[in-house]
Amino acid sequence: MAKIRSARVIVCSPGRNFVTLKIETEDGLTGLGDATLNGRELSVASYLTDHVIPCLIGRDAHQIEDIWQYLYRGAYWRRGPVTMSAIAAVDTALWDIKGKVAGLPVYQLLGGACREGVMVYGHANGATVEETVAEAMKYKAEGYKAIRLQSGVPGLASTYGVSKDKKFYEPADADLPTENVWSTPKYMRSVPELFAKAREALGWDVHLLHDVHHRLTPIEAGRLGKDLEPYRPFWLEDAVAAENQAGFRTIRQHTTTPLAVGEVFNTIWDAKQLIEEQLIDYIRMTVVHGGGITHLRRVASLADLNHVRTGCHGATDLSPVCMAAALHFDISVPNFGVQEYMLHTKETDKVFPHAYTFKDGMLHPGEAPGLGVEIDEDLAAKYPYRRAYLPVNRLEDGSMTNW
Ligand code: CS2
Ligand code: MG
């Protein structure tokens, strides 16, 4: 028995906002969980503080599955990003505590490592195709085995995935949402050229990926997938918004380009049809928005039965606590595919000292007991919360569309 004595939420903004849950047992052991939901941070903080924490006090921190079921079934109001991020934070913190009690890194409790390291993809981006390819060359020189390519689109003032400060991408860029303008025809013309030039410069020994950020219809996605086939992309990400899972059937009928989706999914139910009908190749849910390590393993098991591999979302708005949890999951799950790796700022890394390390295109979770991440609370207190929103998106005629 490791009785939960207290739990509290720490909100800080070392370069961007993060919400962190810290659970403490009566023996003085602590566990951390990431609860960050970009642009909606305080809703999860309140859900935890006002509704979850009072139910945790006195429970046995070792009963991870029972506490998960208690919070999921017990709320009556199931699913959704706020609820599932809160449950994920509790689940992650409890795995951290269990690892510390055992004196083992969490991946050992999940069955041990089944690979030497976790292949990650870096983010080459630039205003033009030339700039993006030049960035990709730098990633290749740093040892990356997989690189995502995002380039500005001629005729559009800005687009997702492209940052001014190339290494650090932060889309939540304003106190109120900025408005972007989108054109699918302009975009569709630009991507094949990007891949052609990238293959010419980088050769064929590196995986190339691309994120569509939910902006196409299924038939448009089928066309783009087909246009990219000669360049053998590793995956086409979030080609269409996936509320209607059956929409992926149309894409599948038209292209052999592998499909990845899931960064906005919260439970196995969001992915059930996609996985069972083998409409996707990679499921990109991650620990913080997908109900924690416990739930993500359930998703991975279903995926494994259906030839689907994992590819956890790893943007900067998932804190180092989430990244560590993802790495323990990645290294221990049989059907791992790839892990996204966007660099956090120096300020973020200082607030969250961590045991994970990068070498030769791979991340390793490290051997520290638990997750191997701590939070420097004094430093965190120097970076108070600042409201920040993701942008919104309109077509050229002013209609709202997906960002
Ligand atoms: C992106 C994210 O990493 C990705 O693949 O889609 O940067 C996404 O825009 C952010 O996580 C939103 O908060
Ligand atoms: Mg994405």
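Here, residue 1 is the first one in the sequence, and each next residue gets the next number. Atoms within each ligand, like the ligands themselves, are counted from 1 in listed order.
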For ligand 1, is there an N or O atom under 3.5 Å from any N or O atom of [X]?
X: His123; answer: no
X: Arg148; answer: yes
X: His213; answer: yes

Measuring to the Mg ion (ligand 2), does Glu263 have an N/O/S atom at a distance below 2.8 Å?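 Short answer: yes, at least one N, O or S atom is under the cut-off.
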- Looking from the Mg ion (ligand 2), what is the angle between OE2 on Glu237 and OD2 on Asp211, to the nearest 10°?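 Value returned, to the nearest 10°, is 90°.
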Which of the ligand 1 atoms, numbered from 1, are nearer than 4.0 Å to a heavy atom of [X]:
X: Asp211; value: 1 (C), 4 (C), 5 (O), 6 (O)
X: Glu237; value: 4 (C), 5 (O)
X: Met342; value: 3 (O), 7 (O)

Please find out if less than 6.0 Å separates the ring center of Tyr231 from that of Trp204. no
Ring-face cation of Lys346 near Phe168 (centre distance under 6.0 Å, axis angle within 45°):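 No, Lys346 does not lie over the aromatic ring of Phe168.
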ask   = Are Arg215 and Trp182 in a cation-pi setup, meaning NZ or CZ lies under 6.0 angstrom from the ring centre and within 45 degrees of the ring axis?
value =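 Arg215 over Trp182 ring: yes.
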Would you confirm whether Asn393, through its side chain, and Asn402, through its main-chain N or O, come within 3.5 Å as a donor-acceptor pair? yes
Problem set entry | N/O donor-acceptor pair under 3.5 Å between Thr267 side chain and Trp269 backbone | yes
*Does Tyr160 reach ligand 1, in the sense of a heavy atom lying below 4.0 Å from it?*
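It does not, in that no heavy atom of Tyr160 comes within the 4.0 Å cut-off of ligand 1.
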Using the six-membered ring wherever Trp is involved, compare the ring planes of His213 and Trp403 and label them parallel, tilted or perpendicular (cut-offs 30° and 60°).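 Correct class here is perpendicular.
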